[in-house]
Participant: 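Below is the structure I would like to discuss, written out as structure tokens.
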Amino acid sequence: MKDIQVVVADASHEKYVDTILKTIEDAAKIRGTGIAKRTHEYLTTKMKEAKAVIALCGDEFAGFSYIETWGNKHYVTTSGLIVHPDYRGLGLAKKIKDMTFSLARTRWPFAKIFSLTSGAAVMAMNTQLGYKPVTFADLTDDEAFWRGCEGCINVDVLHRTGRKYCICTAMLYDPTEHLPAKIPDDVIERIRKIDGKDSKMKAKN
């Protein structure tokens with residue numbers, strides 16, 4: 001595989017934003033599916049806020065994705081995953097996805113992470129990370145998020161269905177489902193008593 005670095009973006013990566021936007025636009029045309037449109041300022045802000053991941057091969061742009069919080073940071077999305085045509089077929093999308101997922105989990109460990117996608121490859125990556133298919137009702141009700149769909153070519157489907165479903169599949173990672181099994185309080189108290197007796201016995205011996 002080519003020597004590609006996947007890093008959390010910062011202000012120094014703004015010079016790649018126009019290329020990122022063009023790559024996203026071209027991919028949407030080829031797929032014939034909807035990708036919410038973003039502005040130069042929007043992606044630049046994500047970079048400055050450490051909410052974006054970029055892949056570079058030397059000085060060449062190779063891939064990108066970003067994260068955003070919704071509903072008072074109770075929900076997080078990993079969005080805009082794109083790999084430049086010159087670097088596809090190298091497993092780069094998964095590396096970018098893993099980095100954005102890790103970044104989101106590190107910054108907001110108790111937030112639910114969700115994804116709206118029509119791509120089979122992204123669905124497979126989401127499944128490997130622990131996402132599950134859900135209904136749109138399980139996602140954030142933050143109107144700011146849903147306004148982002150207005151730039152998608154399939155937004156009419158979303159409107160016609162009363163925002164119940166669309167071309168994209170909704171997938172959700174719920175951190176509470178991945179925590180260790182909760183031990184009942186009465187059992188914890190019992191363990192404390194047992195451990196306390198063991199400690200006293202050791203002290204006597």
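Please read all numbers here as calculations on a predicted model, not as lab measurements.
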Participant: Show the nearest heavy-atom pair for residues Arg88 and Thr23, with the distance to one decimal.
Facilitator: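 In this case the closest contact between Arg88 and Thr23 is NH2-CG2, 4.4 Å.
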Participant: Please enumerate all residues that pass side-chain hydrogen bond (donor to acceptor under 3.5 Å, both in side chains) together with Glu177, with sequence neighbours excluded.
Facilitator: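 For Glu177, the residues satisfying side-chain hydrogen bond (donor to acceptor under 3.5 Å, both in side chains) (neighbours in sequence not counted) are Lys132.
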Participant: How would you list, by chain and number, every residue that makes a side chain to side chain contact (heavy atoms under 4.5 Å, CB included) with Thr78, sequence neighbours excluded?
Facilitator: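 Side chain to side chain contact (heavy atoms under 4.5 Å, CB included) list for Thr78, sorted by chain: Ile67, Lys97, Thr100, Ile113, Tyr131.
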Participant: Sequence neighbours left out, what passes side chain to side chain contact (heavy atoms under 4.5 Å, CB included) with Ala170? Give chain and number order.
Facilitator: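 Testing Ala170 for side chain to side chain contact (heavy atoms under 4.5 Å, CB included), a comparison that skips the adjacent residues, returns Leu116, Val134, Phe136, Leu139.
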Participant: Distance-only check: which donor-acceptor pairs under 3.5 Å involve side-chain atoms of residues 50-64, not counting sequence neighbours?
Facilitator:
{"from": "Lys51", "atom 1": "NZ", "to": "Glu49", "atom 2": "OE1", "distance (Å)": "3.4"}
{"from": "Lys51", "atom 1": "NZ", "to": "Glu68", "atom 2": "OE1", "distance (Å)": "3.4"}
{"from": "Glu60", "atom 1": "OE1", "to": "Tyr87", "atom 2": "OH", "distance (Å)": "2.4"}

Participant: When clusters are formed by joining ILVMFWY residues with side-chain heavy atoms under 4.5 Å apart, either directly or through shared neighbours, do Leu172 and Ile167 land in the same one?
Facilitator: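 No, Leu172 does not connect to Ile167 through the hydrophobic network.
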Participant: Provide the full list of side chain to side chain donor-acceptor pair (under 3.5 Å) pairs with a residue in residues 133-148, sequence neighbours left out, each pair given once.
Facilitator: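 Checked against side chain to side chain donor-acceptor pair (under 3.5 Å) - neighbours excluded - the pairs reaching residues 133-148 are Thr135-Asp138, Glu143-Arg163.
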Participant: What pairs meet the side chain to side chain donor-acceptor pair (under 3.5 Å) rule with one or both residues in residues 6-15, with sequence neighbours excluded?
Facilitator: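 Every pair satisfying side chain to side chain donor-acceptor pair (under 3.5 Å) with a residue in residues 6-15: Asp10-Ser12, Asp10-His13, Glu14-His40.
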Participant: Less than 4.0 angstrom from a charged side-chain N to a carboxylate O is my criterion; do Glu25 and Lys22 meet it?
Facilitator: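 So Glu25 does not pair with Lys22 through a salt bridge.
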Participant: If you define the side chain from C-beta out and look only at heavy atoms, does anything of Val76 sit under 4.5 Å from Trp70?
Facilitator: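 No; the side chains remain at least 4.5 Å from each other.
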Participant: I need the full list of side chain to side chain donor-acceptor pair (under 3.5 Å) pairs touching residues 105-117, with sequence neighbours left out, sorted by first then second residue.
Facilitator: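 Only Ser115-Asn126 qualify under side chain to side chain donor-acceptor pair (under 3.5 Å).
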Participant: Rounded at 0.5 Å granularity, tell me how far OG in Ser79 sits from NZ in Lys46.
Facilitator: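 Interatomic distance, Ser79 OG to Lys46 NZ, rounded to 0.5 Å: 10.0 Å.
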Participant: With sequence neighbours left out, write down each residue that passes side-chain hydrogen bond (donor to acceptor under 3.5 Å, both in side chains) with Arg190, or none if nothing qualifies.
Facilitator: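 For Arg190, no residue satisfies side-chain hydrogen bond (donor to acceptor under 3.5 Å, both in side chains) once neighbours in sequence are set aside.
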Participant: Could you tell me which non-hydrogen atom of Pro109 sits nearest to which non-hydrogen atom of Pro175, and how far apart they are?
Facilitator: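 Shortest heavy-atom contact: O-CB, 3.6 Å.
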Participant: Under a 3.5 Å distance rule, please check whether Arg38 uses its side chain to pair with a backbone N or O of Leu21 as donor and acceptor.
Facilitator: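 Here the side-chain-to-backbone pair does not exist.
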Participant: Is there a side-chain contact between Gln5 and Asp3 in this structure, where contact means two heavy atoms from C-beta onward sitting under 4.5 Å apart?
Facilitator: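 Gln5 vs Asp3: side chains touch.
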Participant: Looking only at heavy atoms, what is the nearest atom pair of Ser118 and Cys168, with distance?
Facilitator: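 Nearest pair, atom of Ser118 first, then Cys168: N-SG, 4.0 Å.
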Participant: Tyr165: which other cluster members, linking ILVMFWY side chains closer than 4.5 Å, directly or transitively?
Facilitator: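 Noted: Tyr165 shares its cluster with no other residue.
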Participant: Answer yes if the ring centres of Tyr173 and Tyr75 are under 6.0 angstrom apart, and no otherwise.
Facilitator: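 No, the ring of Tyr173 stays outside the 6.0 Å limit from the ring of Tyr75, centre to centre.
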Participant: Tell me whether Phe145 is reachable from Met171 by hopping between hydrophobic residues (I, L, V, M, F, W, Y) whose side-chain heavy atoms are closer than 4.5 Å.
Facilitator: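 Different clusters.
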Participant: Honestly curious: do Phe114 and Val122 fall in one hydrophobic cluster under the side-chain, below-4.5 Å linking rule?
Facilitator: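 They do not share one cluster, since no chain of ILVMFWY contacts under 4.5 Å joins Phe114 to Val122.
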Participant: Sequence neighbours left out, what passes side chain to side chain contact (heavy atoms under 4.5 Å, CB included) with Thr39? Give chain and number order.
Facilitator: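 Scan of Thr39 (side chain to side chain contact (heavy atoms under 4.5 Å, CB included), adjacent residues dropped) gives Glu41, Tyr42.
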Participant: Find the distance between SG (Cys166) and CG (Asp156) and round it off to the nearest 0.5 Å.
Facilitator: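 Rounded to the nearest 0.5 Å, the SG-CG separation comes out at 7.5 Å.
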Participant: Who passes side-chain hydrogen bond (donor to acceptor under 3.5 Å, both in side chains) against His74, sequence neighbours left out?
Facilitator: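 With sequence neighbours excluded, His74 shows a side-chain hydrogen bond (donor to acceptor under 3.5 Å, both in side chains) to no residue whatsoever.
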Participant: Please enumerate all residues that pass side-chain hydrogen bond (donor to acceptor under 3.5 Å, both in side chains) together with Asn72, with sequence neighbours excluded.
Facilitator: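 Asn72 satisfies side-chain hydrogen bond (donor to acceptor under 3.5 Å, both in side chains) with no residue once adjacent residues are dropped.
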Participant: Rounded to the nearest 0.5 Å, what separates atom SG in Cys149 from atom NE2 in His159?
Facilitator: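 If we round to the nearest 0.5 Å, Cys149:SG and His159:NE2 are 9.0 Å apart.
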Participant: Look at the side-chain heavy atoms of Ile, Leu, Val, Met, Phe, Trp and Tyr, link any pair under 4.5 Å apart, and say whether Ile153 and Leu158 land in one connected group.
Facilitator: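 No.
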Participant: Does one hydrophobic cluster hold both Leu103 and Leu92, with members joined at side-chain heavy-atom distances below 4.5 Å?
Facilitator: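 Same cluster.
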Participant: Using the side-chain contact (heavy atoms from CB on, under 4.5 Å) definition, which of the options Asp98, Leu81, Ile96 pairs with Met125?
Facilitator: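 Checked Asp98, Leu81, Ile96 against Met125; only one passes side-chain contact (heavy atoms from CB on, under 4.5 Å): Leu81.
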